[in-house]
Every structure is written in structure tokens, then in C-alpha cells.
Amino acid sequence: MYTVDLAHETDFAGFRTAARRLVAHGVKPDAVVWRTGGGTDDLFAARQDLPPPTVAETEVRVPRAFVPLAEAVICHSAPERLSLLYRILYRFLSEPRLLEIASDPDVAIARRMEKSVGRDVHKMHAFVRFRELATPDGPHFIAWFEPEHFIEERAAGFFARRFAPMRWSILTPRRSIHWDLESLAFGPGARREDAPADDAAEALWLTYFASIFNPARLKVKAMTAEMPRKYWRNLPEAALIPDLIAGAEARVQSMIAAPPTEAPAHHHRLRARGETLMETAAETDIARLRAEADGCRRCPLWAGATQTVFGEGPDTAQVVFVGEQPGDKEDLAGRPFVGPAGQVFDEAVAEAGIDRTLYYVTNAVKHFKNEPRGKRRIHKKPNGAEIEACRWWLAQELQIIKPKLIVALGGTALQSLLDRPVKITELRGQFLEFQDDTTVFPTVHPSYLLRLPDPDLKARERQRFVDDLKRVAERIGVLA
Ligand code: URA
């Protein structure tokens with residue numbers, strides 16, 4: 001028997017070094033005992049004479065896909081994960097394409113472990129609740145969380161990016177994670193009592209949670225699947241849930257009994273035109289697509305954003321406006337074009353005689369790409385890969401809505417629509433034939449106007465933008 005002592009539970013570098021040596025020496029999986037937590041740098045604790053090598057260590061090859069799988073699986077809390085990983089690695093000697101056999105029991109277990117770790121990371125991102133602690137250095141935010149697996153390091157980057165301007169610590173029974181505004185540090189585990197139990201902001205959060213709870217939409221099963229009960233004791237809002245559930249039926253009855261609220265004027269206009277209201281289309285394809293996009297991980301941008309910002313507007317709209325990506329305000333509100341660029345957009349479309357609420361407004365990229373700088377999050381332009389990854393959502397939206405006209409606001413939108421990088425200046429103001437009887441009309445992005453420093457130029461460019469939109473309005477008139 002050979003015993004390997006890894007320095008800690010997720011010591012991937014140690015695992016890789018030891019596993020490579022063992023494989024090179026032809027040591028069979030059932031002849032190895034894997035141990036963790038010894039805190040030693042000596043992988044092979046006692047002197048253990050390995051059999052002579054069958055291949056050089058540098059010749060031990062693994063499929064590229066094994067590394068991300070192994071990095072996830074090593075975070076699983078099952079003690080057998082290390083022997084499983086070594087067994088898979090050893091089997092590569094004779095089965096180099098093993099990972100492609102999804103039904104293989106070892107591969108299937110590893111994939112299940114990978115999924116479970118991913119879910120745990122997702123839950124940690126969603127359910128960590130910070131409480132503010134006043135310290136001589138200013139506020140320090142502390143959270144207590146009990147992950148199922150060894151995911152602290154894996155999950156930490158998200159919090160560093162998302163809460164970059166705050167000093168924070170997340171305490172777990174096994175590890176503590178600390179952010180000092182510059183770097184992450186990891187320390188020993190803690191106890192629940194080490195985190196403060198309450199803070200001033202909590203009352204506000206509870207009021208907000210109770211007010212957004214919609215009894216008519218209550219699905220206890222779905223709710224407990226998304227927010228499993230084991231997380232409840234660390235979520236302040238969880239204390240409200242039993243009462244909210246118990247009172248849900250009575251609230252639904254009183255909602256039914258209450259007189260209907262009068263719809264805003266534009267809803268009547270839509271009805272008169274025979275178009276569907278977004279609000280009444282809760283179960284439409286767009287609503288389902290939006291729900292799917294909530295969990296989008298097609299590119300890494302989700303990790304630095306608060307939420308997916310999906311398109312909004314009637315799903316039968318004849319015109320779709322496509323922007324670049326949500327900004328800071330949109331990221332927080334979860335709605336497109338509600339920040340400064342949205343204001344420029346709203347004023348310009350109104351001046352051109354277009355009622356924005358009649359049309360669908362969306363973005364080429366659905367997550368806010370940003371870079372933390374001090375307390376601010378600075379907008380960063382999405383790159384080609386991110387635009388490409390998100391094209392899928394835009395294509396689905398267009399597939400469902402089937403607009404007659406698509407207005408591309410800026411280069412990113414146009415690149416996504418035409419599937420190639422294009423200069424907006426080359427195609428601005430032209431009605432371009434697009435697929436399925438649709439026309440694309442490129443113009444500038446409203447934020448371009450915000451960035452112009454010279455007031456005269458700004459006024460001229462704004463007028464050009466309004467003129468472009470007037471041509472869109474004329475086309476809409478023809479379409480109607
Ligand atoms: N810029 C965009 O392209 N979209 C938004 O939603 C906001 C700003």
C-alpha cells in the first residue's frame with residue numbers, strides 16, 4: 001500500500017504531482033490510500049519504495065477536459081473523490097477517450113460530483129448574506145455560510161469581484177475568506193457565533209422581501225428546490241417564509257376579491273391593435289426564455305454581474321431595439337435602458353414620435369461587463385467571444401418575436417446581428433436586408449452621445465440620432 005498525504009482537502013497541485021508519479025510507476029488504484037489535512041509538504045509521508053517507472057513522469061498525459069473536471073471534483077466532500085480521480089487517471093493509460101463515455105460508472109460519478117459542487121457554489125453565491133460590523137477602520141461586512149463541499153476558494157472570486165469596494169469576510173465551519181479591498185486571504189474555519197446576528201439594513205431587506213413575495217405565484221416545491229431548507233437558518237428572510245406561505249391563500253383570495261386596477265393608457269392602445277401585453281403573457285416563450293437566461297453561464301460575464309438583464313416589451317412587437325449590454329443601473333434594476341443611456345434613448349425616441357413601450361428593447365449581451373475601480377464599477381466593452389456566446393439569446397428572442405424591423409444601437413448590436421465585426425459608420429442609416437423578411441437599421445448607441453465632450457458636436461450628433469429614429473418611425477408607419 002502507498003499512502004499519499006495531501007496538504008489540505010483541495011490540494012490539487014499535490015494530487016497532480018503524486019498521481020503523476022504513481023501512474024508513471026504503474027501503481028494500481030487499489031494500492032493507494034489518499035489522506036488530506038496533514039498539512040505536510042511531503043506527499044509520500046513514509047519512505048515508500050515505488051516500483052520501477054513504466055513511463056517517464058513527463059510522459060503521463062491526460063485529456064484536456066480532465067483538468068477542469070478534476071479541479072471541481074476535488075472540492076467534493078466525499079472522501080472517495082481522490083481515489084476516484086486517481087482511478088480515472090490510471091485508466092487513461094489504456095482508455096485515453098474514457099471521458100467521452102458518459103455511461104462509464106467512474107465518469108458518471110465524477111460528473112455528478114462536478115455538478116453537485118457547481119450547485120453548491122451557485123447556492124453560496126446566491127445565499128450569502130452580509131451583516132455590517134462597525135470597526136475603527138470603517139464598516140466590515142461579515143457573513144456566515146455552511147457549504148456542503150470544499151468550495152470556499154472556488155466561490156471566493158465571485159465575491160471579490162461583486163463586492164470589491166467593501167471590506168468583507170465570509171466565515172464557514174472549515175475556512176474563512178477575507179477581502180481587504182485588494183486581495184483575498186483564507187484562514188481557519190469559524191463558528192456561527194463569530195458572525196454578527198443582525199444589522200440595521202436587515203429590517204429594510206426583510207420589508208423588501210415581504211413586499212416582493214407574490215402569493216399568487218407561490219410554488220412551495222419550486223421555492224424549496226431553489227432555496228433548500230438547509231440554507232434557511234442563515235437567511236434572515238427565511239424567518240418570514242412560513243408566515244408568508246401560511247397567509248398566501250388568504251392573500252390570493254383578497255387579491256381576487258379586490259377590484260381590478262386600471263391598466264396604463266399604452267396597454268389600451270396595444271389591445272386596440274390586437275397585440276399581446278407582456279404582463280399577461282407570463283407563460284409565453286419569451287417568459288420561459290427569460291427564466292432560462294437567468295441562470296446563463298455561456299460566458300464568464302455572469303460572475304461579475306448582479307443578474308441577467310433580459311429584453312422587455314411586447315413579444316409581438318414589430319420593432320426590436322438592440323443595445324450593447326446593461327450598464328450599472330440596468331444591472332441593479334434587472335431592466336434594459338433604465339440608466340443614463342436609457343434616458344437619452346427615451347428622450348430621442350419620444351422626440352422621433354416613437355412610443356418605446358410598444359416595442360421590444362433588448363441587448364446583444366445580457367450581463368453587465370465591468371471592472372471594479374474603487375467604489376465604482378466601470379463599464380467594459382464586451383469582446384467577440386462574449387458577444388458570440390450571447391448571440392444565442394438574441395437569436396432566440398428574435399425567433400420568437402419575429403420583428404419586421406431591428407434597430408441596431410451601436411457596433412456591438414450590429415456585430416451580434418450580422419455575426420461579424422462591422423463599423424457602424426459604414427452602415428449607419430441604411431435599411432439592410434436581414435433574414436426572414438426582416439430589416440436591420442444600424443445607428444449609433446445613445447451612450448456615444450453621452451461621451452461627446454463638445455456641447456455643439458453633442459447637439460449635432462443628437463439631432464442626427466433623432467433624425468435616424470424619425471426614419472425608423474416612418475418605416476413603422478409603413479409597417480402598421
Ligand atoms: N446600454 C445598453 O446598450 N443597454 C442598456 O440596457 C443600457 C445601456
Side-chain angles (χ1 to χ4, degrees), residues 278 286 289-290 293-294 296 299 301-302 304-315 317 319-350 352 354-371 376-384 386-398 401 403 405-418 421-425 427-428 440-452 458 461-462 465-466 468-469 472:
M278 192 68 196
I286 279 286
L289 195 64
R290 170 183 289 116
D294 263 351
C296 179
C299 80
L301 291 188
W302 66 271
T306 309
Q307 57 192 315
T308 305
V309 178
F310 207 68
E312 69 176 20
D315 56 3
V319 184
V320 169
F321 291 88
V322 184
E324 180 188 81
Q325 61 161 348
D328 184 68
K329 293 279 187 303
E330 287 80 10
D331 170 77
L332 296 171
R335 298 180 54 207
F337 283 104
V338 293
Q343 199 175 337
V344 174
F345 175 64
D346 280 351
E347 287 167 6
V349 285
I354 298 171
D355 180 350
R356 166 177 167 177
T357 59
L358 297 181
Y359 304 107
Y360 191 84
V361 179
T362 190
N363 282 301
V365 171
K366 310 286 193 244
H367 280 117
F368 175 36
K369 180 173 181 181
N370 65 88
E371 193 174 78
R376 300 180 56 212
R377 296 187 297 163
I378 307 296
H379 162 278
K380 284 193 79 187
K381 214 172 163 50
N383 63 31
E386 290 148 358
I387 297 170
E388 178 56 30
C390 224
R391 272 186 84 225
W392 190 85
W393 294 113
L394 181 61
Q396 302 286 316
E397 285 174 293
L398 297 175
I401 297 169
L405 177 62
I406 304 167
V407 181
L409 300 164
T412 301
L414 193 58
Q415 173 169 347
S416 174
L417 289 162
L418 303 188
V422 223
K423 280 215 169 74
I424 205 82
T425 44
L427 297 175
R428 178 176 185 177
V440 168
F441 181 82
T443 183
V444 290
H445 192 282
S447 63
Y448 157 70
L449 304 172
L450 285 173
R451 287 194 303 268
L452 291 174
K458 195 188 225 105
E461 282 299 305
R462 185 179 178 283
F465 183 50
V466 172
D468 280 353
L469 294 171
V472 170

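Remember, it's 1-based here, ligands and their atoms both numbered in the order they're listed. Just so you know, residue 1 is the first one in the sequence shown, and it goes up from there.
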Enumerate the pairs of nitrogen or oxygen atoms, one from ligand 1 and one from the protein, separated by less than 3.5 angstrom; state names and distance to 0.1 Å.
from, atom 1, to, atom 2, distance (Å)
ligand 1, 1 (N), Gln325, O, 3.3
ligand 1, 1 (N), His445, NE2, 3.3
ligand 1, 3 (O), Glu324, N, 2.6
ligand 1, 3 (O), Gln325, N, 3.3
ligand 1, 3 (O), Gln325, O, 3.3
ligand 1, 3 (O), Asn363, OD1, 3.1
ligand 1, 3 (O), His445, NE2, 2.6
ligand 1, 4 (N), Gln325, O, 3.0
ligand 1, 4 (N), Asn363, OD1, 2.6
ligand 1, 4 (N), Asn363, ND2, 3.4
ligand 1, 6 (O), Phe337, N, 2.8
ligand 1, 6 (O), Asn363, ND2, 3.0

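For Glu330, the side-chain hydrogen bond (donor to acceptor under 3.5 Å, both in side chains) criterion is met by no residue, not counting sequence neighbours. Every residue two or more places apart in sequence or in another chain that forms a side-chain hydrogen bond (donor to acceptor under 3.5 Å, both in side chains) with Asp468 is listed here: Arg428, Thr443. Take Asp346 and apply the side-chain contact (heavy atoms from CB on, under 4.5 Å) test, not counting sequence neighbours, and it matches Arg356.
Side-chain N or O atoms of Gln307 include one that pairs as donor or acceptor with a backbone N or O of Asp331 at under 3.5 Å. With hydrogens and angles ignored, the 3.5 Å screen pairs no side-chain donor or acceptor of Gln325 with any backbone N or O of Ile387.
A centroid separation of less than 6.0 Å is found between the aromatic rings of Phe345 and Phe321.
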